[in-house]
Number of protein chains: 2
Amino acid sequence: MSRQDILNRLREHDVSPTSQRIEVAEVLLSRPQHLSADQIIDRLNELGSRVSKATVYNTLKLFSKNGLVKECNVDPSRRYYDSTTHAHHHFYNVETGELTDIPEDRVTIMGLPRLPNGTERESVEILIKIKSS
Amino acid sequence: MSRQDILNRLREHDVSPTSQRIEVAEVLLSRPQHLSADQIIDRLNELGSRVSKATVYNTLKLFSKNGLVKECNVDPSRRYYDSTTHAHHHFYNVETGELTDIPEDRVTIMGLPRLPNGTERESVEILIKIKSS
DNA sequence: TATCGCGTTAGAATTAGTCTATACTTCGCA
DNA sequence: TGCGAAGTATAGACTAATTCTAACGCGATA
Ligand SMILES: [Mn+2]
Ligand SMILES: [Mn+2]
Ligand SMILES: [Zn+2]
Ligand SMILES: [Zn+2]
């Protein structure tokens, strides 16, 4: 994903492209992955980039509010951010914490009840917890 | 759920029935519900019961290790404990935080890929995020 | 240049959960 | 009945992810 692609994606999602936001995006959006804020901060530091912790948190919150990334709440001790934003499912290895994507297109769910009155669906996600056998 | 039922369920799950564990179980297992540690502490206090925070956390960890309750990690800021332990799914209202059970028996999932090599399935859970429409 | 809006920042504050050190209970056994 | 070991409970310190606060930077605009 080139710098120009990053800029386009930020603009598509109404995120003004500051240098800090671009750096966070370059780390997180470079490929399909699930990273925590702390992991992103670590990678930025490794790259010699100096973005404050507060800005990383602010940026991730902005990105997910604007649909540029998705929050993944599966590990109770930290939030993961998913660079893949289209609907999909996950394997979650409860021993290692590893998250693996499952494409949505082959999966069919039948027999779900209708939604509670006055509500609309935001997403349907399958989480398969696995462990070493 | 009577005191005797509580005692039986604790014994079935190899949990020795101390008075503190019984009190936590009476709160959480009284009906199908999803409670956080803090909510359980609050209810115990309301009931005039005096169980320490550390003991509530220890007890909930023991209960879930022994299959007496299930952890529900859906709200990134707290862990919920589910008094319903058989496989089932959830609606999650992202605005109110409310969790609603979906019985498992009518739901069918097709087209899931096979598990990663060397792993076995621990659970399959559907989470439907909803919001007011 | 002065002002404004927006973004960034360091560090303090918050808070769920864990840990540590100590005390209490229970129970097997002398 | 007395005693030590194992198991359990507890207060309070601690940890760490996240949020907050208050100040600062900075480009655009008047
Ligand atoms: Mn780190
Ligand atoms: Mn409370
Ligand atoms: Zn994913
Ligand atoms: Zn449930």
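Because only heavy atoms are used, hydrogens play no part in the values below, and waters and symmetry mates are left out as well, while side chains stay in. Small disclaimer: the values here were computed from a predicted structure and weren't measured. Letters A, B, ... mirror the listed sequences (proteins, then strands); counts begin at 1.
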Tabulated below should be each protein N or O lying under 3.5 Å from an N or O of nucleotides 16-19 of chain C; please produce it.
residue, atom, partner, partner atom, Å
dG17(C), OP1, R79(B), N, 2.7
dG17(C), OP2, Y57(B), OH, 3.1
dG17(C), O6, K53(B), NZ, 3.2
dT18(C), OP1, K61(B), NZ, 3.1
dT18(C), OP2, K61(B), NZ, 3.4
dT18(C), O4, K53(B), NZ, 3.3

Rounded to whole Å, how long is the line connecting atom [atom1] of [X] with atom [atom2] of [N]?
{"X": "I41(B)", "N": "dG12(D)", "atom1": "CD1", "atom2": "C1'", "answer": "14 Å"}
{"X": "E23(A)", "N": "dG7(C)", "atom1": "CD", "atom2": "C1'", "answer": "14 Å"}
{"X": "D75(B)", "N": "dT15(C)", "atom1": "CG", "atom2": "P", "answer": "14 Å"}
{"X": "D42(A)", "N": "dA16(D)", "atom1": "CG", "atom2": "P", "answer": "13 Å"}
{"X": "N45(B)", "N": "dT10(D)", "atom1": "CG", "atom2": "P", "answer": "12 Å"}
{"X": "N66(B)", "N": "dG7(D)", "atom1": "CG", "atom2": "P", "answer": "14 Å"}
{"X": "Q20(A)", "N": "dG7(C)", "atom1": "CD", "atom2": "C1'", "answer": "8 Å"}
{"X": "L60(A)", "N": "dG7(C)", "atom1": "CG", "atom2": "C1'", "answer": "15 Å"}

Report task. For the pair S83(A) and Q33(A), evaluate side-chain hydrogen bond (donor to acceptor under 3.5 Å, both in side chains) and give the outcome as yes or no after the intermediate values. Result -> CA-CA 6 Å; S83(A) 59; Q33(A) 62 185 331; 5.2 Å; no

Requested in this report: Quick one: which residue pairs count as a ring pair (Phe, Tyr, Trp, His ring centres under 6.0 Å) with a foot in residues 111-133 of chain A, not counting sequence neighbours?
Outcome: none

Report summary line: Rounding to 0.5 Å, atoms CG (N93(A)) and OG (S132(A)) come to a distance of 7.0 Å

Query - Separation of L115(A) CG from I128(B) CD1 (nearest 0.5 Å) - result: 6.5 Å

Report task. For S52(B) and for S16(B), find the nucleotide of DNA chain D with the closest heavy atom, then tell me which residue's nucleotide is more 5'. Result -> S16(B)

Requested in this report: Would you check if the side chain of T84(A) reaches a backbone N or O of P32(A) as a donor-acceptor pair within less than 3.5 Å?
Outcome: no

Query raised in the report: Is there a donor-acceptor pair under 3.5 Å between the side chain of N66(A) and the backbone N or O of H13(A)?
Result: yes

**Report entry** OP1 or OP2 of dA9(D) under 4.0 Å from side-chain N/O of R50(B)
**Finding:** no

Query raised in the report: Are OP1 or OP2 of dC6(C) and a side-chain N or O of T18(A) less than 4.0 angstrom apart?
Result: no

Query - NZ/NE/NH1/NH2 to OD/OE distance under 4.0 Å, E122(A) and K131(B) - result: yes

